[in-house]
Enquirer: 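Below you will find the structure I want to go over with you.
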Number of protein chains: 2
Amino acid sequence: MPAKPPAPGFVSLVFEISRLYRLSFGRRAQHLKLTQPQSLALAAIAREPGLTQASLAEKLEVHPVTVTQLIDRLERSGWVSRESHENDRRAFRLHLTEQADPILSKLWALAREARAEAMRGLSEQEQQQLESLLLRVKANLLAEDASPRTRTRAG
Amino acid sequence: MPAKPPAPGFVSLVFEISRLYRLSFGRRAQHLKLTQPQSLALAAIAREPGLTQASLAEKLEVHPVTVTQLIDRLERSGWVSRESHENDRRAFRLHLTEQADPILSKLWALAREARAEAMRGLSEQEQQQLESLLLRVKANLLAEDASPRTRTRAG
DNA sequence: GGCATATCATTAGCGTACTTATGATTTGCC
DNA sequence: GGCAAATCATAAGTACGCTAATGATATGCC
């Protein structure tokens, strides 16, 4: 029998929260027929209409392939349109359709709601503390992520 | 144009850390041909040999369907065996094969390493603080997760 | 101008996770 | 003892993330 496994601790907590929050948001947003990554994509396009898929991938910090599939679905649902780039025939510019407008307003409300629920009982100061600690953890992980090989993110 | 989207903040941090950690672990473990969920499953079986898939699903806090697929792969890789339950012909008991033994020792080392990397620069006290804040967030999310409908987790 | 290289996007294929539905038992209650 | 309900596992379909490979175009350098 090999050595004993280490205690779960911080790491599994992050995973569980990530998963629970995804579920929580999904429950709220299910009548909008939007998942959480889809919502984040819509938000990003709302913030910067006309951005390319590569640029969206950078902002969402996911692989370009993932964006291709994500936009496929959003386009099929009629919320996003790919429009050809005027200077670069390889690229597309992403725009929201008019149908997306009412969805977006509801979306921000849901996001605020889900976030408030997660933060219930934490003082303003504790929230900041949590955020600042998590930022440091993220920086550690980013540091070792940046070196190995070519990554999507610019860093 | 609808209202402005809220600031990213805590939530996206959790997602990013979750994703970055998964990558970090994956990089370390890739020569072992093990992903992170697979590793967690092996660890759980090591802690409690002979447990059923349903019981494993509870421990990993994932859906039983997910465990079915996970064990499919681990069995195909030769690290886990399904053995029929002596009292319940519906169920299987999960056991590690002998081939899994050397992998496991390496695994604990990797997990500790990845965790230390994530925690670099945080004092013992800060780590505990972070863990305790995250626990409260998790409790909030669990509270609303428990009510709606039948969940995998017992609660 | 022309060739090598880089970039944008896609396809194909894998792993993880979910929902919903189904088959096979076991359990509970009368 | 027998039937309804719960439980264990699986199957099918969807979503999302990745890697690797490909096609089309842009860019850079000579």
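Since the structure is predicted, the reported quantities are computational estimates derived from the model, not experimental observations. First the proteins, then the strands, lettered A, B, ... as listed; each starts at 1.
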Enquirer: For a quick test of reading the model: is some side-chain N or O of His63(A) closer than 4.0 Å to OP1 or OP2 of dT19(D)?
Expert: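 Yes, within the criterion.
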Enquirer: Got a donor-acceptor pair under 3.5 Å from the side chain of Arg90(B) to the base of dT26(C)?
Expert: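 Absent.
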Enquirer: Tell me whether the OP1 or OP2 atom of dG17(D) has a side-chain N or O from Arg19(B) closer than 4.0 Å.
Expert: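 So the side chain of Arg19(B) is outside the cut-off, no N or O lying under 4.0 Å from OP1 or OP2 of dG17(D).
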Enquirer: Roughly, in whole Å, what's the span from CG in Asp88(A) to C1' in dA26(D)?
Expert: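 Value for this atom pair: 7 Å.
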Enquirer: Answer with base, sugar-phosphate or nothing: what part of the nucleic acid does Val67(A) contact at a heavy-atom distance below 4.0 Å?
Expert: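 Contact class for Val67(A): none.
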Enquirer: Tell me: NZ of Lys59(A) to P of dC8(C), nearest whole Å?
Expert: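 For the pair Lys59(A) NZ and dC8(C) P, the rounded distance is 13 Å.
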Enquirer: So Thr68(A), base contact, sugar-phosphate only, or nothing? Heavy-atom distance under 4.0 Å.
Expert: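 Answer is base: heavy atoms of Thr68(A) come under 4.0 Å of a base.
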Enquirer: Taking C-beta and beyond as the side chain, do Leu20(A) and Lys138(B) meet within less than 4.5 Å on heavy atoms?
Expert: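 Touching, per the 4.5 Å side-chain cut-off.
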Enquirer: OP1, OP2 of dA11(D) versus side-chain N and O of Gln69(B): anything below 4.0 Å?
Expert: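 Answer is no, no contact under 4.0 Å.
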Enquirer: Would a distance-only check, ignoring hydrogens and angles, find a side-chain to backbone donor-acceptor pair under 3.5 Å from Gln36(A) to Phe25(A)?
Expert: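 Absent.
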Enquirer: May I ask you to verify if any side-chain N or O of Thr66(A) is less than 4.0 angstrom from the OP1 or OP2 atom of dC16(D)?
Expert: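 Checking dC16(D) against Thr66(A), no side-chain N or O comes under 4.0 Å of OP1 or OP2.
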Enquirer: In whole Å, I'd like the distance from the CZ atom of Arg89(A) to the C1' atom of dT7(C).
Expert: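 For the pair Arg89(A) CZ and dT7(C) C1', the rounded distance is 15 Å.
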Enquirer: Do NZ/NE/NH1/NH2 and the carboxylate oxygens of Glu117(A) and Arg120(A) come within less than 4.0 Å?
Expert: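 Salt bridge between Glu117(A) and Arg120(A), a charged N being under 4.0 Å from a carboxylate O: yes.
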Enquirer: Atom CD1 of Ile71(A) to atom P of dA15(D): distance rounded to whole Å?
Expert: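 Going from Ile71(A) (CD1) to dA15(D) (P), I get 14 Å.
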Enquirer: Nearest whole angstrom, please: distance from the C1' of dT10(C) to the CD of Gln53(A).
Expert: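 The answer, rounded to whole Å, is 9 Å.
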Enquirer: Salt bridge (charged side-chain N to carboxylate O under 4.0 Å, His left out), that's the test. Do Asp72(A) and Arg82(A) meet it? Break it down for me.
Expert: CA-CA 9 Å; Asp72(A) 279 351; Arg82(A) 285 177 165 104; 3.0 Å; yes
Enquirer: Measure from the side-chain N and O atoms of Glu83(A) to the backbone N and O of Leu94(A), and report whether any donor-acceptor pair falls under 3.5 Å.
Expert: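 Checked: no pair found.
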Enquirer: Between atom CD in Glu83(A) and atom C1' in dC8(C), what is the gap in whole Å?
Expert: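 Rounded to whole Å, this separation is 17 Å.
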Enquirer: Please confirm whether the shortest side-chain N or O distance from Arg22(A) to OP1 or OP2 of dC18(C) is below 4.0 Å.
Expert: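 Looking at the OP1 and OP2 atoms of dC18(C), neither is under 4.0 Å from any side-chain N or O of Arg22(A).
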Enquirer: Rounding to a whole Å, what distance do you find between Glu61(A):CD and dC16(D):C1'?
Expert: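 Result: 16 Å.
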Enquirer: Under 4.0 Å between a side-chain N or O of Gln38(B) and OP1 or OP2 of dT16(C)?
Expert: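 For Gln38(B), the contact criterion (side-chain N or O under 4.0 Å from OP1 or OP2 of dT16(C)) is met.
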Enquirer: Report yes if at least one side-chain N or O of Arg82(B) is closer than 4.0 Å to OP1 or OP2 of dT10(D); otherwise report no.
Expert: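 Yes, within the criterion.
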